[in-house]
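Note: hydrogens, waters and symmetry copies are ignored here, and every other heavy atom, side chains too, is used.
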Amino acid sequence: MTLKLYMAQRISALIMAPLVLMHIAVMIYAIQGGLSAAEILGRTQGSVLWMLFYATFVVAVSVHAAIGLRTVLSEWAGLRGGLLNGIAWAILAVLLILGMQAVYGVTAT
C-alpha cells in the first residue's frame, strides 16, 4: 500500500468515527422517541444539513471500504497492478453511486 492510500484510509477513518457515533446517537433517540419511519423521513427530507451529513458519511465509507478491499484482494487473491487498481476504483464507484442514491432517497423532497 502506498503512503497516499495509507493516509486516505486513516483520514477516512477519522472522518467516519464521529459520523458513526452521531448516526447511532440519532437512531437511539429516534427509537426511544417512538418515531416511525415516516416521521424520520419527514425530518430528513428537504434538509440540506442531513444531506451533507450523510453524503460526507457515504464518501468516507466508500473511500475507506475500497482501500480496505483493495488490500484484501491483494493479499488473498494475489492481484497486482492495473487489475487491482481497476477493481478498487470500480468498488469505489459502485459504493458512491449506491450510497448517494440512498442519501437522495432519505433527503430529497
Side-chain angles (χ1 to χ4, degrees):
M1 180 184 298
T2 67
L3 178 61
K4 287 181 183 180
L5 289 175
Y6 177 84
M7 292 307 297
Q9 181 89 26
R10 296 322 182 254
I11 291 168
S12 64
L14 286 172
I15 293 168
M16 280 190 315
L19 297 177
V20 167
L21 294 175
M22 184 167 172
H23 174 74
I24 290 170
V26 168
M27 292 301 106
I28 290 170
Y29 169 78
I31 290 169
Q32 287 182 342
L35 294 175
S36 68
E39 290 169 324
I40 293 170
L41 286 176
R43 294 179 183 196
T44 59
Q45 289 180 330
S47 171
V48 174
L49 181 64
W50 284 118
M51 185 271 301
L52 291 172
F53 175 83
Y54 282 114
T56 303
F57 202 165
V58 164
V59 170
V61 167
S62 298
V63 168
H64 192 82
I67 294 169
L69 288 172
R70 181 187 181 277
T71 302
V72 170
L73 288 170
S74 173
E75 291 176 3
W76 288 14
L79 297 178
R80 300 280 184 262
L83 178 61
L84 177 62
N85 290 332
I87 291 171
W89 279 108
I91 290 169
L92 175 66
V94 167
L95 291 174
L96 283 172
I97 290 167
L98 294 174
M100 289 304 176
Q101 286 177 337
V103 170
Y104 179 81
V106 171
T107 60
T109 53

Taking a hydrophobic cluster as the set of Ile, Leu, Val, Met, Phe, Trp and Tyr residues connected by side-chain heavy atoms closer than 4.5 Å, whether directly or through intermediates, do [X] and [Y] fall within one such cluster?
X	Y	result
Val48	Met22	yes
Leu5	Met7	yes
Ile15	Leu96	yes
Val20	Leu95	no
Met16	Leu69	no

Pairwise side-chain hydrogen bond (donor to acceptor under 3.5 Å, both in side chains) hits with a residue in [range], at least two apart:
range	answer
residues 85-98	Arg70-Asn85
residues 91-100	none
residues 1-15	Gln9-His64, Ser12-His64

For residues 99-109, run the donor-acceptor check on the side chains, cut-off 3.5 Å, and write out each pair with its distance to 0.1 Å, sequence neighbours left out.
{"residue": "Thr107", "atom": "OG1", "partner": "Val103", "partner atom": "O", "Å": "2.7"}

Closest non-hydrogen atom pair, Arg43 against Trp50: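 That would be O-CD1, 3.9 Å.
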
Nearest atoms (heavy-atom pairs only) where Ala88 meets Ala66: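 Heavy atoms of Ala88 and Ala66 come nearest at O-CB, 3.7 Å.
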
Distance-only donor-acceptor pairs under 3.5 Å for side chains of residues 23-34, two or more places apart:
{"residue": "His23", "atom": "ND1", "partner": "Tyr54", "partner atom": "OH", "Å": "2.7"}

Does Val94 sit in a hydrophobic cluster with other residues, and if so which ones, taking ILVMFWY side chains as linked at heavy-atom separations under 4.5 Å, directly or through other members?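 When side chains under 4.5 Å apart are linked, the cluster holding Val94 also contains Leu98.
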
For Leu35, the rest of its hydrophobic cluster, which grows through side-chain links under 4.5 angstrom: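 Cluster partners of Leu35: Ile40.
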
Only counting residues at least two apart or in another chain, list the ones meeting side chain to side chain donor-acceptor pair (under 3.5 Å) with Thr56.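 Testing Thr56 for side chain to side chain donor-acceptor pair (under 3.5 Å), a comparison that skips the adjacent residues, returns none.
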
Rounded distance (nearest 0.5 Å) linking atom CD1 of Ile91 with atom OG of Ser62: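 Atom-to-atom, Ile91:CD1 and Ser62:OG are 11.0 Å apart.
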
To the closest 0.5 Å, what do you measure between CG (Leu92) and CD1 (Ile97)?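 Rounded to the nearest 0.5 Å, the CG-CD1 separation comes out at 9.5 Å.
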
Output side-chain donor-acceptor pairs under 3.5 Å for residues 71-83, partner residues at least two apart or in another chain, one line each.
{"residue": "Thr71", "atom": "OG1", "partner": "Ile67", "partner atom": "O", "Å": "3.2"}
{"residue": "Ser74", "atom": "OG", "partner": "Arg80", "partner atom": "NH1", "Å": "2.6"}
{"residue": "Arg80", "atom": "NH1", "partner": "Ser74", "partner atom": "O", "Å": "3.0"}

